[in-house]
2 protein chains.
Amino acid sequence: MVKVVAEGRDGVLSRAVAILRALAAAGPEGLRLSDIADAAGLPKPTALRFLRNLQGEGLVEDGPSGRSYRLGLDLFCLAARAGNPSNLRDLGRPAMLRVAAAFEDTVFLLVRSGYDAVLIDRSEGVLPVRSLTGDIGGKVPLGLGQGSTAILASLPAGEQEEVVRHNLSLIRERGGLDEAALRAALLDTARKGYCDVANGLIPGSSGLAVPIRDRTGQVVAALSIGTTLERLTPERRAAMAEMLQREAAAIGDASNPFDPALRRPGASLQGSG
Amino acid sequence: MVKVVAEGRDGVLSRAVAILRALAAAGPEGLRLSDIADAAGLPKPTALRFLRNLQGEGLVEDGPSGRSYRLGLDLFCLAARAGNPSNLRDLGRPAMLRVAAAFEDTVFLLVRSGYDAVLIDRSEGVLPVRSLTGDIGGKVPLGLGQGSTAILASLPAGEQEEVVRHNLSLIRERGGLDEAALRAALLDTARKGYCDVANGLIPGSSGLAVPIRDRTGQVVAALSIGTTLERLTPERRAAMAEMLQREAAAIGDASNPFDPALRRPGASLQGSG
DNA sequence: ATAAAAGTTCCATTTAATGAAAACAGGTGC
DNA sequence: GCACCTGTTTTCATTAAATGGAACTTTTAT
């Protein structure tokens, strides 16, 4: 059971969001009232009232098992237009399609969010590649996986150090690199301009990624290719790296350099994953 | 300016959601306080308080223009796990990839939501096809476009009639079929088992779609291919229809037949599109 | 059949939301 | 440089609305 109690915070909104987060953590089967009340740290009557209101708004719907609740379709529709900072998703879409078409491998677009990277778009290649972020909307700590590492490697030294310190244990927990290997990878990435994961967490999986910078030079996102070890021949690797860098530069040039959300961690640092 | 006033409803939640809907309707540039207050029908101080709270939760973030607000990344992450009724998105993913790989055209997965169909997943083909729903999370009235029409054609007679009456004007407004043509298309779709749009709204665009039924026979979704007129040769059309039907049947067999969200319109009927 | 657990309703209490008014910031034109 | 306008923010007395304990009902397990 994942606890999503709105600790410290108060207000109706925090409680409602706590319920939504509990439901988000629960998958498509949904959660029963008691579980929700427990997870959100609310008395059952209160949780019930909230669920009814949320249901009235379409943000929550009845689960498959009758006596359960889950996130509703309306929430999905509502949020589909979010997660597009500086219009990055729209700007990146054509580039992603071009890269996917050129190499027939899966392409990912990740943006930074505090200590994490969030997958905001994906374009499938010929073979289905599972990404570390899971589905679109998923988070990985910066430093785990090629896209995420490409972002981390391009941060200013002080910020990079802070993130490394914060994320190291999380990265280890999830089977990523240890400190020495990570620091080596960061240097290598910074030197070459792209991150190269020869043989990733899933045996045989490999990938390449480049940072995307806005016109001020700030790293805001990463463009990443996921493929397999055997498909990543030296010739293809070189061609991929070249194309990724070209496309990333084009995206960066088109992006708005004055976007506060892409600057510093800010308020939304309590990364849940 | 799109008004999203929480008419009739009350409670803190409705107001917060009204603000989110206003922001969702506004695109990535965001909205200023006054516009939000206006759109949500709230006094400015109240709107401001809500925005601050929502920002604290990560559901809203500062827009690019400094003095503006837009939907936040956290909302995107939160809702990414929604919009998966009966696990349909997960169940459909492999089928979509197979179809996309087989024909190299774009594949769509739509679910019904009241009088609308919502695009919940997409797999890109070799040429980018713009769908009527816009992006993932977008809505179209049932009866506009092949996927949406495949669903409508498969509804029980009474329900179909209700939806047709409700949607006809909306469909016309958006350049769709008139009543006679729509009814002919519905009959044709029901007879053949798939919906065939020879030359769609965008000149030259064409598509095929089949309904997805759960094990009780209820239509719950549609699997759709978007392509161009010249790529839709008779041979390919036959092969596509056959494969779509096969894959749709497989998805339907795997889906949970006791899912309340997929039964009737229910409470979330105030379709905004 | 019985017990235990989950869900639901009720309502007196209290907290927290509300929004008018007023102060404040930041442009624009004179 | 000053007055003006528009949009934003703070304050605070008022009031409405959220709260959750206790009691009751339904469902599930034994």
Side-chain angles (χ1 to χ4, degrees), chain A residues 1-23 26 29-57 59-70 72 258 260-261 266-267, chain B residues 1-20 22-23 26 29-57 59-70 258 260-261 266-267:
Chain A
M1 172 56 55
V2 185
K3 291 263 176 181
V4 207
V5 183
E7 285 165 32
R9 297 184 187 286
D10 60 5
V12 196
L13 231 119
S14 318
R15 279 170 254 218
V17 174
I19 286 181
L20 291 180
R21 289 198 202 283
L23 289 174
E29 326 77 37
L31 244 45
R32 289 171 317 171
L33 173 63
S34 300
D35 300 327
I36 295 167
D38 189 33
L42 298 170
K44 280 190 291 182
T46 304
L48 179 64
R49 223 165 348 97
F50 270 111
L51 284 166
R52 293 234 235 260
N53 288 340
L54 288 166
Q55 219 163 359
E57 299 293 339
L59 306 194
V60 163
E61 60 189 26
D62 284 331
S65 25
R67 281 209 149 43
S68 71
Y69 302 86
R70 64 176 167 203
F258 302 110
Chain B
M1 175 55 55
V2 184
K3 293 261 177 184
V4 208
V5 183
E7 285 164 31
R9 297 183 187 287
D10 57 6
V12 196
L13 231 120
S14 318
R15 280 171 254 217
V17 174
I19 287 181
L20 292 180
L23 289 174
E29 326 76 37
L31 243 46
R32 287 172 319 169
L33 173 62
S34 299
D35 301 328
I36 296 168
D38 189 33
L42 297 170
K44 281 189 287 183
T46 305
L48 180 64
R49 222 165 348 99
F50 270 110
L51 284 166
R52 294 234 234 262
N53 287 340
L54 288 166
Q55 219 164 359
E57 299 293 339
L59 305 194
V60 164
E61 61 189 26
D62 284 332
S65 25
R67 280 207 151 44
S68 71
Y69 302 87
R70 65 177 166 203
F258 302 110

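Just so it is clear, the values below take in all heavy atoms, side chains as well, and ignore hydrogens, waters and symmetry mates. Note that the structure is a prediction, hence the values are computed from the model and not measured. Every chain is numbered from 1 and lettered A, B, ... according to where its sequence line falls, protein lines coming before strand lines.
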Going by heavy atoms in the side chains, are [X] and [Y] under 4.5 Å from each other?
X       : Y       : answer
A:Ile36 : A:Leu42 : no
A:Val12 : A:Arg15 : no
B:Val60 : B:Leu20 : yes

Not counting sequence neighbours, which residues clear side-chain contact (heavy atoms from CB on, under 4.5 Å) with A:Ala16? List them please. A:Phe50, B:Leu13
A:Leu48: which residues meet the side-chain contact (heavy atoms from CB on, under 4.5 Å) condition with it, sequence neighbours left out?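 In terms of side-chain contact (heavy atoms from CB on, under 4.5 Å), with neighbours along the sequence ignored, A:Leu48 is linked to A:Leu33, A:Arg52, A:Tyr69.
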Looking at B:Arg70 and B:Glu61, does any basic side-chain N land under 4.0 Å from a carboxylate oxygen?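 Salt bridge present between B:Arg70 and B:Glu61.
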Sequence neighbours excluded, the answer for salt bridge (charged side-chain N to carboxylate O under 4.0 Å, His left out) partners of A:Arg32 is A:Asp35
Within the sub-3.5 Å range, which N or O atoms of nucleotides 8-18 of chain C have a protein N or O partner, and how far apart are they?
| from | atom 1 | to | atom 2 | distance (Å) |
| --- | --- | --- | --- | --- |
| C:dT9 | OP2 | A:Arg52 | NH2 | 2.3 |
| C:dT18 | OP1 | B:Arg15 | NE | 3.2 |
| C:dT18 | OP1 | B:Arg15 | NH1 | 3.3 |
| C:dT18 | OP2 | B:Arg49 | NH1 | 3.2 |

What is the bend of the helix from C:dA1-D:dT30 to C:dC30-D:dG1 when you compare the axis at one end with the axis at the other, using five pairs each and rounding to 10°?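 Both end axes considered, the difference amounts to 50°.
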